[in-house]
*Asks:* 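Pasting in a structure now, in structure tokens, and then I'll have a few things to ask.
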Amino acid sequence: MRYRAGTTSPALDGVSLTVGNGEVVAVVGESGSGKSTMARAVLGLTPSTARLSGRIAFHGRDLLGLGARRWREIRGRRIGLIAQDPLAALDPVKRVGDQVAEALLAHRLAGRRSVRGQVAEALAAAGLDDPDLQARRYPHELSGGMRQRVLIGLIIALRPQLIVADEPTSALDVTVQRTILDQITALNADGTGVLLITHDLAVATERAHRIVVLSHGQVVETGPAARVLNEP
Ligand code: ADP
Ligand code: ADP
């Protein structure tokens with residue numbers, strides 16, 4: 001995958017990676033190694049000016065070349081996102097509860113009458129205290145950890161089969177980090193696959209079944225955490 005045609009070196013080069021059901025795969029690598037490029041490709045967020053070739057398969061379906069409408073069906077509902085900056089994944093001018101409600105309605109997972117209750121339930125399950133009150137807030141009125149919990153609430157509500165977590169905790173303080181990672185681990189325990197992008201080797205070792213090391217857009221190492229990180 002290249003951001004520009006011509007001489008620029010590819011941002012991803014011959015990368016092959018599978019996340020199984022119920023598996024946490026951590027992608028580690030130095031800044032600029034291609035981690036976010038990979039996360040964006042899996043979410044259909046590669047800029048249209050980029051050249052992406054190969055195959056991205058999801059439950060037997062090829063995702064490359066899907067139109068915008070099909071992507072809207074998949075993103076959120078089938079493949080959930082936890083971003084480093086949850087503000088980037090939330091609409092700044094909509095109350096967070098309305099955003100969860102709209103997603104539930106758009107994907108036909110709730111009816112008009114039941115949707116309020118389902119939103120409160122999902123936000124409560126994501127660890128937001130007083131969910132009915134928080135649901136009426138705008139993203140900028142919440143702390144970073146609370147916004148991250150809103151994204152987790154969206155995942156609890158929409159139940160995607162895969163979660164792409166791009167540096168989910170690097171902007172949070174340590175105690176909040178742990179609760180967010182615990183929630184991702186709990187979602188995984190229910191069978192959801194997780195692609196965990198992180199520069200934090202401790203997080204990768206503790207949370208992933210398998211680690212993939214990227215360098216200059218290529219996979220240079222892959223395997224169980226203990227083996228990959230102990231090799232010289
Ligand atoms: P990481 O997430 O590991 O820090 P990135 O995927 O962001 O790495 O970047 C991989 C490479 O692609 C880098 O050389 C980066 O400068 C380049 N790159 C990332 N995003 C863009 C973009 N939108 N346009 C052009 N080049 C980009
Ligand atoms: P992250 O690793 O969190 O994605 P980056 O610094 O790689 O942070 O990217 C921040 C933004 O800048 C992204 O939208 C990315 O697409 C863009 N970007 C990164 N590298 C380049 C680049 N070389 N040229 C143009 N845009 C880039």
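Numbering of ligands and ligand atoms starts at 1, following listing order. Predicted, not measured: the structure shown is a model, and the values here were computed from it.
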*Asks:* Look only at interatomic distance and state if Pro47 has a nitrogen or oxygen under 3.5 Å from any nitrogen or oxygen of ligand 1.
*Replies:* no

*Asks:* Select the closest option to atom 1 (P) of ligand 1 among Ala50, Ala39, Gly32, judged by heavy-atom distance.
*Replies:* Gly32

*Asks:* Could you list the atoms of ligand 1 found under 4.0 angstrom from a heavy atom of Ser33?
*Replies:* 1 (P), 3 (O), 8 (O)

*Asks:* Would you mind listing which atoms of ligand 1 come within a distance below 4.0 Å of any non-hydrogen atom of Glu30?
*Replies:* 3 (O)

*Asks:* If you take the nearest heavy atom of each of Ser36, Ser31, Ser9, Pro10, which one is closest to atom 2 (O) of ligand 1?
*Replies:*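 Looking at heavy atoms only, the winner is Ser36.
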
*Asks:* Taking 4.0 Å as the limit for heavy-atom contacts, which would you say applies to Met38 with ligand 1: side chain only, backbone only, both, or neither?
*Replies:* neither

*Asks:* When you compare the side chains of Arg207 and Thr185, does any donor N or O come within less than 3.5 Å of an acceptor on the partner?
*Replies:* yes

*Asks:* Would you say ligand 1 has an N or O under 3.5 Å from any N or O of Gly34?
*Replies:* yes

*Asks:* With sequence neighbours excluded, tell me which residues meet salt bridge (charged side-chain N to carboxylate O under 4.0 Å, His left out) with Asp98.
*Replies:* Arg116

*Asks:* One thing to verify: whether Lys35 and Asp166 come together as a salt bridge, which I'm taking to mean a side-chain N less than 4.0 angstrom from a carboxylate O.
*Replies:* no

*Asks:* Is it the side chain, the backbone, both or neither of Arg40 that has a heavy atom closer than 4.0 Å to ligand 1?
*Replies:* side chain

*Asks:* Measure the shortest side-chain to side-chain distance between Gln148 and Thr179 over non-hydrogen atoms and say whether it is less than 4.5 angstrom.
*Replies:* no

*Asks:* Scan side-chain atoms only and decide if Tyr3 and Thr37 contain a donor-acceptor pair under the 3.5 Å cut-off.
*Replies:* yes

*Asks:* I need the full list of salt bridge (charged side-chain N to carboxylate O under 4.0 Å, His left out) pairs touching residues 72-91, with sequence neighbours left out, sorted by first then second residue.
*Replies:* Arg69-Glu73, Arg70-Glu73, Asp91-Lys94

*Asks:* Which of the atoms of ligand 1 are close to Thr37, meaning less than 4.0 Å from one of its heavy atoms?
*Replies:* 5 (P), 6 (O), 9 (O), 10 (C)

*Asks:* Does Lys35 reach ligand 1 with a nitrogen or oxygen that is under 3.5 Å from one of the ligand's nitrogen or oxygen atoms?
*Replies:* yes

*Asks:* Can you tell me which residue among Ile156, Ile152, Leu151 is in a side chain to side chain contact (heavy atoms under 4.5 Å, CB included) with Leu154?
*Replies:*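 Of Ile156, Ile152, Leu151, side chain to side chain contact (heavy atoms under 4.5 Å, CB included) with Leu154 is met by Leu151 alone.
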
